[in-house]
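A short write-up of the structure that comes next.
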There are 4 protein chains.
Amino acid sequence: MNQKSESHQQVKQPRGARRRARTRDSLLVAARKVFAARGYHDATITEITEAAAVGVGTFYLHFRDKEAIFNTVLAEGLEAIRRQVGEEIAHEDNPSLPVVVRAIFHQVYAQRDIIRIERTGEGVAARSSGPGILMETFTRFLEQAADLSPFSEEEIPLLAALLEGLMDRAFHCWWDEQDEPGPDLMADRVLHVMKHGFPASLFEEPQKPFFAPSAL
Amino acid sequence: MNQKSESHQQVKQPRGARRRARTRDSLLVAARKVFAARGYHDATITEITEAAAVGVGTFYLHFRDKEAIFNTVLAEGLEAIRRQVGEEIAHEDNPSLPVVVRAIFHQVYAQRDIIRIERTGEGVAARSSGPGILMETFTRFLEQAADLSPFSEEEIPLLAALLEGLMDRAFHCWWDEQDEPGPDLMADRVLHVMKHGFPASLFEEPQKPFFAPSAL
Amino acid sequence: MNQKSESHQQVKQPRGARRRARTRDSLLVAARKVFAARGYHDATITEITEAAAVGVGTFYLHFRDKEAIFNTVLAEGLEAIRRQVGEEIAHEDNPSLPVVVRAIFHQVYAQRDIIRIERTGEGVAARSSGPGILMETFTRFLEQAADLSPFSEEEIPLLAALLEGLMDRAFHCWWDEQDEPGPDLMADRVLHVMKHGFPASLFEEPQKPFFAPSAL
Amino acid sequence: MNQKSESHQQVKQPRGARRRARTRDSLLVAARKVFAARGYHDATITEITEAAAVGVGTFYLHFRDKEAIFNTVLAEGLEAIRRQVGEEIAHEDNPSLPVVVRAIFHQVYAQRDIIRIERTGEGVAARSSGPGILMETFTRFLEQAADLSPFSEEEIPLLAALLEGLMDRAFHCWWDEQDEPGPDLMADRVLHVMKHGFPASLFEEPQKPFFAPSAL
DNA sequence: GATGAATGAGCATTCATTCAT
DNA sequence: CATGAATGAATGCTCATTCAT
């Protein structure tokens, strides 16, 4: 796509190239389905090739191994989310964090399976997707923020991680539990917490003492 | 601790029961080590039994399979954290959320490997450890809170999940990255965010427009 | 029982000897039950010792291995049948073959499980039970028979085997099918066949031709 | 038979289908050899695959487990006997029982190992081979017989079983003992017994009384 | 003698990967 | 390019047997 599709050669070699690309896509689509259904570890190459309706050997013509296709599924899925978030906020001159967060909620909701898949791989994904979209975004905003007090600049990674943790849990409500609340309401709630923290009365002394040992 | 407290209890079950218990412990200790080092999926029974210096067959005398010992390692590890948190806050008449959170940071820090292990199992753990210690604790506090506005009572599970997400990411800083910041500083930071949210200037319009597509 | 129970020593050493004998009996009874229920190959030593309510180690104090107890169960079971057949025909001065056959049907019916057990072991039983009770009996009668024509004396083993096959199948009707017909009726039927063969019309041309290929 | 009859059917499924079939056959041939030599229970998958000169994994490409290949070996072996008996008697318009019995003796003799193999599996064979070829054949003849007296029609299964028992023992003379007498002589003997029963003098009073207890 | 915890050889089974067609 | 039969290393698990108590 980037090496061969030069100038006027583009239309000139649909020989096997188009076929090849179609096969590859079948595999990616199938893999996404299988990984979502069975998780990285329980998925087998055979399951994927069967779902893709291609021979087992064909798999290795397109991907080095299971990890490779997993990373590709993930990378392409995340890239799609990234792109669509970009499109959603494209009309804004200067998108604020709330606007971006809201867009992310929309797009992640639309592609919930990718989040689930990411989880099942845990340490597998060669962290190839970089520091993660969320970390990246939050870091950017944090770096541009006028005043971080009472936090220091060294704490930007920590703050980004905490923001990510917040959103991550919100996403989780969607993956095997219910589809509610929808992305807009969810964004409201999370943004409120991001801005103002949790309800103040949470931090006051509990009225009624509760049994310590089982308290935790 | 278990060898000396027999003074007036010696009659328990002297036979091979002690030997049996010791072997079981070896296996648990070994499994914890192996799971922490290699993750749930890559760990093998043989690795565990070798680390425990017992025969393979012995494993099956004590645990049905890998999943069983994994759940036990986790359950006992989490129970230990739970207990120690309880002890740490035992002197408080009415421990407030910040006190409890601080204690949790202390104890989780002291047993960081359990957190790492928990993650590698992902969907494996038969969620036997219930709704998780953190969820439990936060839910309790949220239910006792005088005023949750602007949140409703139905949103308690969501709020608990968000609080958990915050702490979870904090724990993560410890698991393959560095051991810094220590639990006390970490607790300060996280509690600040919990109480007041993130720095306000984060939510203002960014001064300098930034390149949209790659913005995300 | 036969080596130590001499004269007045018999009562003199019930120290551990009686206990030992009782344990051994528990094992034999348990093994008979387990072999009957699960067959030789699927039975495990542990199952037997649990059924006998003794420790695993105890097993090896009494029997060398699984095969040994199997052979013992079989040998003692067959010996019991043998003995009881002997008792049943003891009052006869000169028991004829029909009388003996009838007694065998009675006693085998009473201990059907032994027949089932024998089968599950197939080649295992170190053919220790000799040529089998039936072979032995039939051979004896055949050797005493005045006239074997049209068979020769060399064919006695074959004839004995055929007689055994007849009875064996009769026994089989009892083992997982029904308990009918009872031993007396069965003896009638089998003895009739032994004496006169099968109904003559069986050997005439079949009236209606039947489809050859599927005929067999 | 399968390689030459392609002349006008070559289009079937040329690819690896032939290779696959050849491998499957190797496995079946090897399994037959191994089961005959070591019995069902002592045979291992590895032995079979080594004898077939294929990898272990290949086995599972063709058969679910040991039981599956055992049943296939048996079913195909019995089917072959069935077919060849059918061919042997094909020229007869109306084969009588003696003719069929004789043919069975011929064919079973030619494939003695199948009988041995069947025995070693005992309860394993999912009785998939139906009620057995012999039972089937005898039942058919018995149902066509004009006169069964003194037996009733309800006793047909018993009679079939007894006939089977007779032949079964005859087959047995061949399986670990000697190859004598050959199938023709054997058929003579067995058919004689079927028609006329055993020598009459067997049922007369024994001249010499014999020692009762050990008599059996 | 009795016990049962421990042992480990041995077997079944899976699945990523290769390669001849 | 595509195929899918073949491969075998790797792993889980069982169970007869031993031996310290």
Side-chain angles (χ1 to χ4, degrees), chain A residues 15-17 19-20 22-24 42-50 53-67, chain B residues 14-24 26-27 42-49 52-67, chain C residues 15-17 19-20 22-24 41-50 53-67, chain D residues 13-24 26-27 42-49 52-67:
Chain A
R15 297 191 265 200
R19 177 163 174 67
R20 179 175 168 81
R22 236 182 316 134
T23 302
R24 191 188 133 101
D42 288 343
T44 70
I45 304 290
T46 304
E47 269 177 313
I48 295 173
T49 56
E50 271 171 7
V54 299
V56 240
T58 308
F59 176 90
Y60 291 90
L61 249 33
H62 295 274
F63 301 95
R64 193 158 37 73
D65 53 20
K66 191 162 75 157
E67 197 178 316
Chain B
R15 288 277 164 170
R18 185 145 57 232
R19 180 168 170 69
R20 182 177 169 83
R22 233 180 319 136
T23 301
R24 191 188 132 102
S26 302
L27 281 166
D42 288 343
T44 70
I45 304 290
T46 306
E47 269 177 313
I48 294 174
T49 55
V54 300
V56 240
T58 308
F59 177 90
Y60 293 93
L61 233 45
H62 294 274
F63 303 95
R64 194 156 39 73
D65 51 20
K66 193 163 71 158
E67 196 179 318
Chain C
R15 296 193 265 197
R19 176 163 175 70
R20 179 173 169 82
R22 236 181 317 134
T23 301
R24 191 189 131 101
H41 292 284
D42 289 343
T44 70
I45 304 290
T46 305
E47 269 177 313
I48 294 173
T49 55
E50 272 171 6
V54 300
V56 238
T58 308
F59 177 90
Y60 291 90
L61 249 35
H62 294 275
F63 301 95
R64 195 158 36 74
D65 52 21
K66 192 161 75 158
E67 197 179 315
Chain D
Q13 338 128 315
R15 284 279 164 168
R18 185 145 57 232
R19 180 167 169 70
R20 183 177 168 84
R22 233 181 317 136
T23 302
R24 191 189 131 102
S26 302
L27 282 166
D42 289 342
T44 71
I45 304 290
T46 306
E47 269 177 314
I48 295 173
T49 56
V54 300
V56 239
T58 307
F59 177 89
Y60 293 92
L61 233 48
H62 294 274
F63 302 96
R64 196 158 39 71
D65 52 19
K66 193 164 71 160
E67 196 179 317

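Convention: sequence-line order gives letters A, B, ...; per-chain numbering from 1.
- Taking only side-chain atoms of Lys66(C), from C-beta outward, the nucleotide of dT7(E), dA16(F), dT7(F) with the closest atom is dA16(F).
- Comparing atom distances between the Asp65(C) side chain and each of dT17(F), dC13(F), dT7(E) picks out dT17(F) as nearest.
- Here the side chain of Leu61(A) is nearest to one of dT7(F), dT3(F), dA9(E), namely dT3(F).
- At dC1(F), none of the side-chain N or O atoms of His62(A) fall inside 4.0 Å of OP1 or OP2 (strictly under the cut-off).
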Secondary structure of DNA chain E per the Watson-Crick/G-U criterion (both distances under 3.5 Å; [ ] crossing, | other strand, . unpaired) is .||||||||||||||||||||
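- Remark: Asp42(C) engages Arg38(C) in a side chain to side chain contact (heavy atoms under 4.5 Å, CB included) (not counting sequence neighbours).
- A heavy atom closer than 4.0 Å to some atom of DNA chain E occurs in no member of residues 42-49 of chain B.
- If you check dC1(F), dA6(E), dA12(E) against the side chain of Arg20(A), the one that comes closest is dC1(F).
- Nucleic acid contact for His41(C): none, since no nucleic acid atom lies under 4.0 Å from a heavy atom of the residue.
- For the pair Lys66(C) and Ile45(C), the tightest heavy-atom approach, listed with the atom from each and the gap, is CB-CD1, 3.9 Å.
- Residue Arg64(D) is the one, among Phe59(A) and Arg64(D), whose nearest nucleotide of DNA chain E lies closer to the 5' end (criterion: closest heavy atom).
- Annotation: ring-ring contact (aromatic ring centres under 6.0 Å, His included) contacts of His62(C) (sequence neighbours excluded): none.
- DNA chain F is contacted by both Gly57(B) and Ala53(D); Ala53(D) maps to the nucleotide lying nearer its 5′ end (nearest heavy atom per residue).
- Between Thr58(B) and dG8(E) there is no side-chain polar atom (N or O) within less than 4.0 angstrom of OP1 or OP2.
- Rounding to whole angstrom units, CD of residue Glu50(A) and C1' of dC15(E) are separated by 13 Å.
- Note: CZ (Arg24(B)) to C1' (dA6(E)) measures 16 Å, nearest angstrom.
- Looking at residues two or more places apart in sequence or on another chain, you find a side chain to side chain contact (heavy atoms under 4.5 Å, CB included) between Ala52(D) and Ser26(D), Leu27(D), Ala30(D), Val54(D).
- The side chain of Tyr60(D) sits closest to dA12(E) out of dA2(F), dA12(E), dG4(F).
- Smallest separation of non-hydrogen atoms from Thr49(C) and Phe59(C): CG2-CB, 3.8 Å.
- Note: CZ (Phe63(B)) to C1' (dC13(F)) measures 16 Å, nearest angstrom.
- Qualifying salt bridge (charged side-chain N to carboxylate O under 4.0 Å, His left out) partners for Arg24(D), counting only residues two or more places apart in sequence or in other chains: Glu76(D).
- The separation between Arg19(B) atom CZ and dT3(E) atom P is 18 Å, rounded to whole Å.
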